[in-house]
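Report on one structure; see the data block that follows.
Residue numbers begin at 1 in each chain, while the letters A, B, ... track the order of the sequences. Note that the structure is predicted; figures quoted are calculated from it, not measured.
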Amino acid sequence: MPVVLDRKGDSVVARDLDDGGVEVAILEIPSETLPAYVAERDAAEHPRWVWSDTAEWYPRLLLAGVRVERAADLRLCRRILRSAEATSSTPLAGLPRDGWDAAAAAPVVEPGAALFDLTERVERGPAHEEYLRQADAVARSREPGVLALLLAAESVGALTAAEMSHAGLPWSARRHDEILTGLLGARPVAGRPERMEALVVRLRELLDAPELDPDSPERLLRALQNAGLPARSTRSWELKELRHPAIAPLLEYKKLARVLTANGWNWVDSWVREGRFRPVYVVGGVVTGRWASDGGGALQLPHQVRGAVVADPGWKLVVADAAQLEPRVLAAMSGDAAMARAGRAQDLYEGIVESGAVADRNEAKYGMLGAIYGGTTGVSGRVLPRMRRVFPDAMRLVEEAARAGERGERVRTWLGRTSPSRGGEGYDETLSSEARDRARSDARSWGRFTRNFVVQGTAAEWAMCWMGSLRRRLWELGEGAQSAARHPFDRRPHLAFFLHDEVMVHTPAEFADQVEQEVRAAAADAGRMLFPSAPVEFALTVAQVDSYDRAK
DNA sequence: CGATGTTGCCAC
DNA sequence: AAACGTGGCAACATCG
């Protein structure tokens, strides 16, 4: 039964609706007692909470020690329904833009902050009215079943994201410092670390450029050219083609400079508190439905510093990665029997090699990635015709998505998230030849986007179903282990990190084996939820480790 | 001096 | 190997 929460001044109004959406009870609650109210009803009745925005409501409930089982996020659901093709002829799609279309307002999450301290105020109408509009749009849509699953997955994703931010990624500042010191030398009080400074001295000699500052791409490029090198940019992969004694130390300098600026000591000072890095996930922040992140570069943690992610004493990290997720998703969506067969192998790329389509794993990998990204050159271009012959259904699906995009049509994921419209001018015979070339090239580029959208977006849906199922399984696993805990995840296995096709669970060591089983079971759940009849296996690579660098 | 654009590189 | 999809972010350069 849905219970819709709405703010009213400094208090909260809770409306119980019946399954037909009719209000059967209403209660006003002072906001200080909201956590207790939510905790009690959640335990007793397992209601489906409905609120405007999980990112706004949930962090403070978590801070008060309250975890909920289910909650619909009206803001995220509105965004999906607003642009979904399947709801395009419903009243919701025709509404003028309103507060429900506005971006999230970040809450002020500090122990002392009041429930409704927001960084900015977003005015939205009554939540129960929006809830009914959305329910109506789903019911009238061409495919209520899958859309409802998408909305549920997005909503549970928002809960999981808030919980992972709350629990945080266990981060050892001491290990991080050891890693940095090993690479760069000791932390400098000012100026460059020792190793980098030594490299600069060498570079200045080797390039005969006493003033050289390798941090300035422009001046670096000029210095390289003055030394007689045919450099066109200072990109590492281009520099690698050049032969000169300065290239190796330069590449090393760039490597170190990257670590220092992106994940150096300053990063630790800014982002690690009390042994935790707390990423802010932006659910649905990518057009395709993938998550983005806000602050700290949470989704780009370089492998170099992953050794600083260390389980608490007596705990383990269970790190699971969906092997070749996007190709498997493509096989399932397209019903391509040959590709599904290749996916029986733990390594789908090896399965493709065994199918005889390609000579080696490398060709299989770049052939598949080329099919999904729209590659035309190099290995992917060469292998494409063979992929088409061996996996006709899969290749047809991506190529039709590309052609639809080129024609300016929208495409959709398996569960119905719809790509944005292209906007801009279309192709027109009256254009000049250069303008026509550009229009054609823009169309092809948009085709690569829509081609990728259907696969990347569906993979994101699979991942959210995986994580949603795992979240529930972990909670059930932890029941009983919890007695003396002060906050919901103190003593029990919980999700700690998510990265597109990879999850990390932080767990008391005695649960690690069971966690691994649940992670695998959840992947099977996700496969069944999305593709009940497709014989595609979603293989995982799972590792139980003490630190993140030991996984993979 | 802050806002905006560009470059380059990290992740999947 | 070559430069084909989605992002975030820091530093430098430039603009107003």
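Within the model, atoms CE of M164(A) and CZ of F498(A) stand 7.0 Å from one another, a figure rounded to the nearest 0.5 Å. Between the CG atom in N452(A) and the OG atom in S419(A) there is a gap of 11.5 Å [rounded to 0.5 Å].
Atom-to-atom, OH of Y373(A) to P of dC12(B) comes out at 11 Å; the value is rounded to the nearest Å. The distance between atom CZ of R328(A) and atom P of dC12(B), rounded to the nearest whole Å, is 17 Å. Spacing between atom CD of Q304(A) and atom C1' of dA11(B) amounts to 13 Å, rounded to whole angstrom units. Spacing between atom CG of L239(A) and atom C1' of dA2(C) amounts to 16 Å, rounded to whole angstrom units. Between Y281(A) atom OH and dT6(C) atom P there is a gap of 23 Å when expressed in whole angstrom units. Between the P atom of dA13(C) and the CG atom of L221(A) lies a distance of 12 Å, rounded to the nearest Å. The distance from atom CG of L224(A) to atom P of dG8(B) is 11 Å, rounded to the nearest whole Å. Straight-line distance from the CZ atom of R232(A) to the C1' atom of dA3(C): 11 Å, rounded to whole Å.
Contacts of G297(A) with the nucleic acid, taken as non-hydrogen atoms under 4.0 Å apart, involve only primed sugar atoms and P, OP1 or OP2. Across all strands, E326(A) comes closer than 4.0 Å to no nucleic acid atom at all (heavy-atom distances). Using a 4.0 Å heavy-atom criterion, one finds that V455(A) contacts no nucleic acid atom at all. Within the 4.0 angstrom heavy-atom criterion, only backbone atoms of the sugar-phosphate kind lie near L301(A); the bases stay farther away. Among the atoms of the strands shown, none is found under 4.0 Å from any heavy atom of V379(A). Across all strands, G285(A) comes closer than 4.0 Å to no nucleic acid atom at all (heavy-atom distances). Looking at heavy-atom distances under 4.0 Å, T234(A) makes contact with sugar-phosphate atoms alone, never a base. Using a 4.0 Å heavy-atom cutoff across all strands shown, G295(A) reaches sugar-phosphate atoms only and no base atom.
Residue N362(A) is the one, among G370(A) and N362(A), whose nearest nucleotide of DNA chain C lies closer to the 5' end (criterion: closest heavy atom). Residue whose closest nucleotide on DNA chain C sits further toward the 5' end, between N452(A) and W271(A): N452(A).
Applying the 3.5 Å distance criterion, the base of dA1(C) shares a donor-acceptor pair with the side chain of Y366(A). Under 3.5 Å, the side chain of R235(A) and the base of dC9(B) form no donor-acceptor pair of N or O atoms.
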Next on the checklist: Applying side chain to side chain contact (heavy atoms under 4.5 Å, CB included) to L348(A) and I352(A), what does each step give before you reach the verdict?
Outcome noted: CA-CA 6 Å; L348(A) 175 138; I352(A) 293 180; 3.7 Å; yes
Next on the checklist: For M333(A) and F531(A): C-alpha separation, side-chain torsions, deciding distance, then whether side chain to side chain contact (heavy atoms under 4.5 Å, CB included) applies.
Outcome noted: CA-CA 8 Å; M333(A) 295 173 80; F531(A) 310 109; 4.0 Å; yes
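Applying the side-chain contact (heavy atoms from CB on, under 4.5 Å) criterion to A539(A), with sequence neighbours excluded, gives A323(A), R328(A), Q346(A).
Phosphate proximity of dA13(C) to S216(A): present, with a side-chain N or O under 4.0 Å from OP1 or OP2. For the pair H303(A) and dC9(B), the criterion of a side-chain N or O lying under 4.0 Å from OP1 or OP2 is not met. When the side-chain nitrogen and oxygen atoms of R219(A) are compared with OP1 and OP2 of dA13(C), one or more of them lie within a distance under 4.0 Å.
Look at E154(A) and R417(A) and you find a salt bridge, because one of the NZ, NE, NH1 or NH2 atoms lies within 4.0 Å of a carboxylate O, short of that distance.
Minimum atom distance to the side chain of R290(A) is reached by dT6(C), of the listed dT7(B), dA11(B), dT6(C). The side chain of Q300(A) lies closest to dC9(C) when the candidates are dC9(C), dG8(B), dT6(C). Relative to the side chain of R306(A), the nucleotides dC12(C), dA1(C), dC12(B) differ in distance, and dC12(B) lies closest. Residue S236(A) places its side chain closer to dC9(B) than to any other of dA2(C), dA11(B), dC9(B).
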I'd like a table of donor-acceptor pairs (distance under 3.5 Å, sequence neighbours excluded) in which one partner is a side-chain atom from residues 237-245 of chain A, with atom names and distances.
residue : atom : partner : partner atom : Å
E238(A) : OE1  : S233(A) : OG           : 3.0
H244(A) : ND1  : A246(A) : N            : 2.9

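No hydrogens or angles considered: a donor-acceptor pair under 3.5 Å links the side chains of Y58(A) and E163(A). Neither side chain, S172(A) nor R175(A), offers a donor N or O lying under 3.5 Å from an acceptor on the other.
Scanning residues 250-265 of chain A for heavy-atom distances under 4.0 Å to DNA chain C yields R258(A), T261(A).
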